[in-house]
Structures are given as C-alpha cells and as structure tokens.
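Notes follow the structure.
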Amino acid sequence: MKVIEHLEQSKNTLFSFEILPPLKGKSIDSIYNSLDPIMEFNPAFIDVTYHREEYVYKKRKDGLLERISVRKRPGTVGICAAIMNKYQVDTVPHIICGGFNKEETENALIDLDFLGIDNVLVLRGDPIKSEIYFSAEEGGHRYASELLEQVSDMNNGIYLDEELKNSSPTNFCIGVAGYPEKHFEAANMRSDIHFLKKKVEAGADYIVTQMFFDNEKYFDFVELCRKHDINIPIIPGLKPISTYKQLSLLPHRFHLNLPNKLVDEVLKCKNNEEVRQVGVEWATHQTKELIDYGVPCIHFYTMGRSDNVHKIVGNFV
Ligand code: FAD
C-alpha cells in the first residue's frame, strides 16, 4: 500500500521508522533484531536509507596511493524486499541522485516495481566526503526535483527510450525531504521553500522533515509551507538524542539547533545511559505535542538501535 493511502485512511497519528542497512559484511539479522520489538506497534511503513559510495586511499606495494570506491552500507533494495516478506509491512527505499545516471536510475526503479515496492523517498543525496559541493553523475540528476520528474514520467509510462511501445506505467508514491531549519545550502528559507514547492509541483505526494528538537520549528515550517500553497502532508521526523557526543555531531551532520533546555539536561548527565533517558523523555514530550497538533504520522530515525524509540512509542500505542 502507498504511504499516502496509509495517511489518508487513518484517523489517528501513525508511526513509521527509518533504518540504515547494516555495514557491509554484517548480517541482516541486525536489522531484524532492531525491528522485531517495534513491529508490535504496527508501523505504517519502514524507510530504508541509501548510502552511496565513498572513496578511500590504499597504499600500494610501490608506495603510491590508490583511490578505491567502497560502499559501506549496500543492500537498500534487498532489505526492503526482505522486510516486506518477513513482516508484511510496506517499505520505502530512499533513492538518490548522487552516483547514478538516468539509465541506472530507471533500471533501479524497474527492479523496485517488479518487487512490488510502490513507495520511494526521492532525494538528492549529500556531496561525497571528498567534495565540498554535490556534483551530479554524468547523465544524472542535479536536484531531487529532476529525479522526481523521472519517477513521475515512469508513473505515466514514459521511459528514457522514447521508442518503447505500450510500456507499463509504474505506480510509485513519492515522498521528498523538507527542512524546518532550512537546508544547509539554501540561500534562505524563502528560496528553500521555493524549491520544495518545485518538488510538490513535479508530483511529490508527501514530505518527511529533517529531524528537529524544537516543535516550534516544525509548526512554523508547516505554516510557511501552507502559506506558499504546499498542501501535501508534512510528516515530522524525530530522533531521540542518545549520546553526549551527539550534542556536537547532530548540529554538524544535520545542520540544526538544539534547544537550550535539552542541552542543559544532557550536560547534567554523568554517562550516556543518562543521556539516553533524557533523549527518551524529550522525544516523548515532542511526540505528545505533535499528536495533539494532529500530525498524520511521526517518523522516527532509529539509526540502527530501537530500544529508545520503543520506549517512546510505547507511551502512545
Ligand atoms: P534537493 O531538494 O535537491 O535540494 C538540495 C538543495 O538545493 C537545497 O538547498 C535546495 O533549496 C536547493 N535546490 C533545489 N532545487 C534547486 C534548483 N533547481 N536550483 C537551485 N537550487 C535548488 N541522504 C542520503 O544520501 N541517503 C538517504 O537515505 C537520505 N535520507 C534522507 C531522509 C530524509 C527524511 C532527509 C530529510 C534527508 C535524507 N538524506 C539522505 C539527506 C539528503 O540527501 C540531503 O539533505 C541532501 O543534501 C539534500 O537532499 P534533498 O533531496 O533535500 O535535495
């Protein structure tokens, strides 16, 4: 079933979870171990992130350095199919522009279609670590809106080869990313909203937000979107803070601000167990307020461990 159908059919706030593929060489059991406990909450859907290649330098015998491309977390599509098969739950693979040309994207979408996966979260992807700015693959897409147009075209039976006759349309429900605290590259919020609207006009069905720790940022974002005629569902993304290190890591990695009160509480903690507890309490409060506000779904970034998310959602289901 499509994400948008889940949202339309439910009268209550739904829950969804996002997981990362395991590191290469690790078994899929780590995914099942993290999902098993939270499946009791009957999630509407499970997102699986996509991780593009990184470049590492290896010293060769002759002393020269060799640049090698490695993908540390492959398996997004396989994991989606395995989860659907094991739990009978809908999955949402993330697809990105980075590292793909249009032909490769088309083939990946055909695989998803054949597997019966009819949801995708369409993203640009971040620059690879050795680059400052994102650069598109030759013959690939520069922005999520362009990738989205390709998915929409396939939903209308339009493939890259214009001479294909009687081609079957795909039937993807398309999610996109939104940033309550602005995407880090956007000149300002107005420009970010302008380009978000382009994604909606190109056929996005719903938006999932970047994580935020202050609900006011989400409420303001929704208001701004509505003011600019962005009327599709906006699913808030939450992540419970879980380590002391995340005080600097989260703002650095995700370009967001942590509220004073949360930072003060974390600074009082004596160890990461206490930080985890603060994270659970903070996210529980956020969840309650978001449910009262009437959000259609709350999306939890589990980042590989689900015990804290289990405690939070357990308060509401
Ligand atoms: P876009 O919508 O293309 O926007 C990127 C920037 O370009 C923005 O600043 C925007 O304002 C600007 N812009 C857009 N269109 C134009 C235009 N036509 N001209 C000029 N400027 C423009 N990354 C991964 O690699 N894998 C994942 O699985 C993944 N999952 C994510 C899930 C969620 C819910 C979120 C919020 C992010 C996720 N990301 C993931 C990170 C995402 O790829 C990055 O944030 C990336 O930098 C931007 O992606 P986007 O789809 O928002 O890009």
Side-chain angles (χ1 to χ4, degrees), residues 3 16-22 45-54 71-77 79-80 91-100 105 108 112 119-129 131-137 140-151 174-213 217-218 221 224-225 228 230 232-239 250-256 297-304:
V3 167
S16 59
F17 304 114
E18 181 167 311
I19 60 166
L20 278 67
F45 52 92
I46 307 283
D47 275 50
V48 184
T49 54
Y50 187 90
H51 300 259
R52 64 176 297 188
E53 75 285 0
E54 292 172 27
R71 278 193 62 209
K72 291 188 176 162
R73 293 182 184 273
T76 302
V77 175
I79 292 168
C80 283
T91 54
V92 184
H94 292 188
I95 58 168
I96 64 171
C97 305
F100 288 90
T105 296
L112 295 176
N119 293 291
V120 282
L121 190 74
V122 168
L123 301 147
R124 187 196 70 181
D126 281 326
I128 49 174
K129 281 188 185 135
E131 287 175 350
I132 299 174
Y133 298 107
F134 175 86
S135 62
E137 207 64 14
H141 299 295
R142 292 168 307 159
Y143 297 106
S145 54
E146 295 176 354
L147 172 55
L148 206 151
E149 277 168 23
Q150 185 176 6
V151 183
I174 308 171
V176 292
Y179 302 83
E181 298 183 59
K182 185 180 93 62
H183 183 260
F184 69 103
E185 290 168 25
N188 55 32
M189 198 61 173
R190 191 172 67 179
S191 128
D192 211 18
I193 294 282
H194 169 81
F195 291 119
L196 177 60
K197 195 167 174 186
K198 291 246 174 283
K199 296 195 273 194
V200 178
E201 287 165 353
D205 292 296
Y206 67 97
I207 296 163
V208 185
T209 76
Q210 183 57 279
M211 63 183 75
F212 56 89
F213 293 83
K217 307 265 187 215
Y218 170 81
F221 178 67
L224 197 61
C225 287
H228 286 83
I230 296 174
I232 58 176
I234 303 177
I235 300 177
L238 293 187
K239 177 193 152 31
L250 295 175
H252 175 71
R253 174 81 184 79
F254 299 106
H255 310 278
L256 45 82
C297 181
I298 300 178
H299 188 68
F300 283 96
Y301 297 100
T302 69
M303 301 209 159

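Ligands are counted one by one from 1 in listed order, and the atoms in each one are counted from 1 as well.
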Problem set entry | Close approach of Phe134 to ligand 1, heavy atoms, under 4.0 angstrom | no

Exercise. Is Ser191 in polar range of ligand 1, meaning some N or O pair under 3.5 Å apart?
Worked result: no

Exercise. What protein heavy atom is closest to atom 53 (O) of ligand 1, reported as residue, atom name and distance in Å?
Worked result: Arg124 CB, 3.3 Å

For this session: Just go through His194, His183, Glu146 and tell me whose heavy atom is the nearest to atom 9 (O) of ligand 1.
Result: His183

Exercise. Is Asp192 in polar range of ligand 1, meaning some N or O pair under 3.5 Å apart?
Worked result: yes

Exercise. Any chance CZ of Arg71 has more than 12 other-residue heavy atoms, nucleotides or ligands included, within less than 6.0 Å?
Worked result: yes

Exercise. Is it true that Lys199 lies under 4.0 Å from ligand 1, counting heavy atoms only?
Worked result: yes

Seminar exercise, completed: Closest heavy-atom approach to atom 38 (C) of ligand 1 among Leu123, Val208, Val92 is made by Leu123

Exercise. Any chance the side chains of Ser16 and His299 put a donor and an acceptor closer than 3.5 Å?
Worked result: yes

Exercise. Under 3.5 Å, side chain of Lys182 to main-chain N/O of Ala186, donor-acceptor pair present?
Worked result: yes

Problem set entry | atom 4 (O) of ligand 1 protein-contacted, heavy-atom criterion under 4.0 angstrom | no

For this session: Go through ligand 1 atom by atom and flag the ones less than 4.0 Å from a non-hydrogen atom of Thr49.
Result: 28 (O)

Problem set entry | Side chain Arg73, main chain Pro21, donor-acceptor under 3.5 Å | yes

Exercise. What is the ring orientation for Tyr143 with Phe195, classed by angle as parallel under 30°, tilted 30 to 60°, or perpendicular over 60°?
Worked result: parallel

Problem set entry | Protein contact to atom 45 (O) of ligand 1 [nearest heavy atom, distance to 0.1 Å] | Tyr179 OH, 2.7 Å

Seminar exercise, completed: Closest to atom 14 (C) of ligand 1 by heavy-atom distance, out of Phe184, Phe254, Phe195, is Phe195

For this session: Count the heavy atoms of every other residue, nucleotide or ligand shown that sit under 6.0 Å from NZ of Lys198, and state whether that count exceeds 12.
Result: no

Exercise. Do you know which two heavy atoms are closest between Gly178 and Leu196, and how far apart they sit?
Worked result: CA-CD1, 4.5 Å

Exercise. Is ligand 1 under 4.0 Å from a heavy atom in the side chain of Leu121, in the backbone, in both, or in neither?
Worked result: side chain

Seminar exercise, completed: One finds that the ligand 1 atoms under 4.0 Å from a non-hydrogen atom of Ala186 are 9 (O), 11 (O)

For this session: Using the ring pair (Phe, Tyr, Trp, His ring centres under 6.0 Å) rule, pick out the option among Phe221, Tyr301, Tyr218, Phe254 that qualifies with Phe212.
Result: Tyr218

Seminar exercise, completed: A student comparing Gly98, Gly99, Gly125 should find that the heavy atom closest to atom 23 (N) of ligand 1 comes from Gly125

Problem set entry | Sub-4.0 Å atoms of ligand 1 with respect to non-hydrogen atoms of Gln210 | 36 (C)

For this session: State, without any angle test, whether His255 and Glu181 hold a side-chain donor-acceptor pair at a distance under 3.5 Å.
Result: no

For this session: Nearest heavy atom to atom 47 (O) of ligand 1 wins, so pick from Asp126, Leu196, Ile193.
Result: Asp126

Exercise. So is Tyr301 polar-close to ligand 1, meaning N/O to N/O under 3.5 Å?
Worked result: no

Problem set entry | Residue pair Ser135 / Glu131, side-chain donor-acceptor N/O under 3.5 Å | yes

For this session: Please say whether Tyr50 places an N or O atom under 3.5 Å from an N or O atom belonging to ligand 1.
Result: yes

